[in-house]
Amino acid sequence: MHRRKFLGLAGATLATGLSSKAWAQAQSWPDRTVRLILPYAPGGATDAIGRPWAEKLTQAFGQQFVIENRGGAGGMIGAEAAAKSPPDGYTFFLTPNAPLSVLPTLRKTPYDPIKSFEPVGRVGDVINGFVIHPSVGVKTFKEMIEYAKKNPGKLAYGSSGNGTANHLRLEMLKHKLGVDILHVPYRGGADTLNDVLPGTTHMMNEPVSLPHVKAGKLILLAVNSPIRHPDFPDVPTLTELGVTGADVPIWFSIFAPAGTPKDIIAKFNAKMLEIAKTDDMKTRLRAVNAFVPLQTPEQMAKTLADDIKANADLIKAANIKIE
Amino acid sequence: MDFGSLPSDLWLGLSACFTVKWVTILGVQVPILVNIFWCLMGALIGTAIGVLPGVGPVATMALLLPITYFLTPEGALIMLAGIYYGAQYGGSTTAILINVPGEASSVVTALDGYAMAKLGRAGPALAMAALGSFFAGTVATCLIVLAAPPLTKLAQQFAPADYFSLMVLGLVLAIVMASGSLLKAFGMIFLGMLLGLVGTDVNTGNTRFTFGIGDLFDGIGFVIVAMGMFGIAEIISNLANVTRRDLVSSKVSGLWPTREDFKRSFAPIVRGTFLGSLLGVLPGGGAVLASFASYSVEKKLSATPENFGKGMIEGVAGPESANNAAAQTSFIPMLTLGIPSNAVMAMMIGGMMIHGIVPGPQVMEQKPALFWGMIVSMWLGNMMLLVLNLPLIGIWVKMLLVPYRLLAVAIMFFCCVGVYSLNNLHTEIYFMALFGVLGYVFIRLGCEPAPLLLGFLLGPLMEVYMRRAMLLSRGDPLVFLQRPLSLAFLAIAVLLLLFVILPNVRKARETAFQE
């Protein structure tokens, strides 16, 4: 920083107090590279949503927004790194909801989902649903439930691991409809797909399965989302099928370390809403099955709190435990 | 079997290789054949590290893995593949000219190759090594083209029980084929499997052997173990044994072999290609074993076995063809089943994962351009290597003049940068250093690191498949015997184990490896 600029800033701060210092910060923010910590290795769904955002934010703010992949421990390592970063508006956390609204209920996490972070903006919800292999012989969600009730424990559902969001989706189904479906944990969506395509495991709920639904190799039964998937307009949502409050949403967003100046967050959120409304961004995100709900930081805080509570209730009801 | 779609598949591969990208250089739009460019880069880097002793393809690929994120998946895998077979070409140069194998797979090449060089026939030895490799590469690529589609079809029917039994067979093979003591191979594989268990258990989500260290929750990274055991440990051991490197002649003249050379080399090249292709497919096999096997076969078949080691061209042509054939065919299990048969293939799998591609039978259907592009690139790469190695041999010879102490520092530096760039975690650099020291201890103890790495890779996979098979069978262990494929794999594994334990086979095996 130049000496004169520094003196000027210092003077202004002394004269008008803290709020205007923050104001001055927000005015010039960002004046250097901004890091977006992403809690998974490159190549996954979070990465696919994060990269177009980093690119658009860089264009919009005229400063580099770089993605830093900090994978590990189901997102815990990246979340901890973000929580412990300086709250100066130059480090943010780009994450799906699981590290904040699922993990802390299951494990002791080195961060608090509410106290350690400030919501900034939503980057996309992934629309997805339950798919089933045609060899089972069912074509609709209702038929699947009937089949499962007649043959308890016969259907096998592949998830991305114990306590992951798509495992919770199965537990929710079992909990709400009283069906008995075997849970088989895998190392991720693509790994699950290897067993679901030949019909060894029958069901899954991951975006990687959708191209195979289009190719006619798997059947999409129902969508876990308030809206239907635009590529599959005939497939009903769970709510439409009368299974309400069972979506177990998977949503992606940007958070800031607690203590980040409010003005910077407001400025960031406003720009994100602008970007999310452009057709270009909509198309880019749709390619990865993501759609952005427009929310202010205050609305996000409520979404997060509700999500934490809903997942905690479900984890307790389904008796999912990790020591 | 239906090979009707082969021409169109190969055409797809060819067009994937010749993808054109327009790049602005100095304000001018220039078309660049990107994938051909990466193929060339891979071949070049491969030859370079092949020539340099102490830098192997595993460490190099581990180093370059993070960088490939910025390439297309096709470009990345084409380049990584190029490094592997490029190293097979480069390794022979060092072996022939200075009697130090540039690669482990060129150890036997040094025996007769260096002897030929002392007789002033370095040129024909180098040329025959390259021509033999090219022939083997071409045949092996054809084999991949023919074998991959039916194998993929078969693999799509694999259930978790079949995968489990296949891996049991793979590990047994790795023990049988490891050079040296059986007991040590056993020990290294089991140690590898134990190390592989560190981290979060997929089925329950509990963590094992992590001591509460968050950085261990996802297990120890393969790249870290590989770089430590193969990169750092090699450097320490190379620095510990300072060998004087005598270049026989800095000028290689009279490159072209005589008619007599061609006549004598033809049969060994064909046999080497056949042996190498076979051994390459087997887990734990690969280029090193293939070259050893070919050498002993040539020696046995020769009318004048006493002349081996004194400059027999058969002893260069055979093993060099075998190691390249094996390098190529080891891609078969990786491409069709998603199972790595050796450490290099594990790196290739790492390369796929970085791009979000999960290796397995689905790759051929879902990414046909990538699958066929990679296969076609292998043949193109082999052709490039022939050009790179024969006329440009002088350049590679110059590289040998770089002092190792400078090289060692550079390699260490790149290893650290490479590991850090994977997850941005400094702790992983410490882990790598730890494995480096451990690797050096193992080298001194005469324990091979390769079986450890294979156990590290296959052990956890085996566990996952076993538990998944048991889950799906609702706890019935008979599932492993009820599926015909699984039963066959297990039966072969048991037979093999019984076979190696037989006293006279064990003796024969020990003498075979002593040669």
Trainee: Give me the contact list for residues 464-474 of chain B versus chain A, heavy atoms only, anything under 4.5 Å, ordered by residue number.
Mentor: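 Under the 4.5 Å heavy-atom cut-off, V464(B), R468(B), L471(B), L472(B), R474(B) qualify.
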Trainee: If I take atom CD1 from residue I77(A) and atom OG1 from residue T427(B), how far apart are they, to the nearest 0.5 angstrom?
Mentor: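 I77(A) atom CD1 to T427(B) atom OG1 measures 8.0 Å (nearest 0.5 Å).
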Trainee: What part of N194(A) gets closer than 4.5 Å to chain B, counting heavy atoms only: side chain, backbone, both or neither?
Mentor: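 When you check distances to chain B, atoms from both the backbone and side chain of N194(A) fall under 4.5 Å.
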Trainee: Counting heavy-atom pairs under 4.5 Å with chain B, which one of L197(A), L193(A), T201(A) comes out on top?
Mentor: L197(A)
Trainee: So what's closer than 4.5 Å to chain B heavy atoms on L155(A): side chain, backbone, both or neither?
Mentor: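 For L155(A), backbone heavy atoms alone lie under 4.5 Å from chain B.
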Trainee: For P460(B), which atoms come within 4.5 Å of any heavy atom of chain A: side chain, backbone, both, or neither?
Mentor: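 The answer is both parts of P460(B).
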Trainee: Can you tell me how far apart OH (Y163(B)) and OG1 (T200(A)) are? Round to the nearest 0.5 Å.
Mentor: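 That separation rounds to 9.5 Å.
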Trainee: Is it true that atom NE2 of H183(A) has more than 12 heavy atoms of other residues, nucleotides or ligands lying nearer than 6.0 Å?
Mentor: yes
Trainee: Compare all side-chain heavy atoms of H212(A) with those of E365(B) and state whether any distance is below 4.5 angstrom.
Mentor: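 H212(A) does not reach E365(B) side chain to side chain.
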Trainee: Can you sort out the partners of D231(A) under side-chain hydrogen bond (donor to acceptor under 3.5 Å, both in side chains), two or more places apart, ordered by chain and number?
Mentor: K214(A), R286(A)
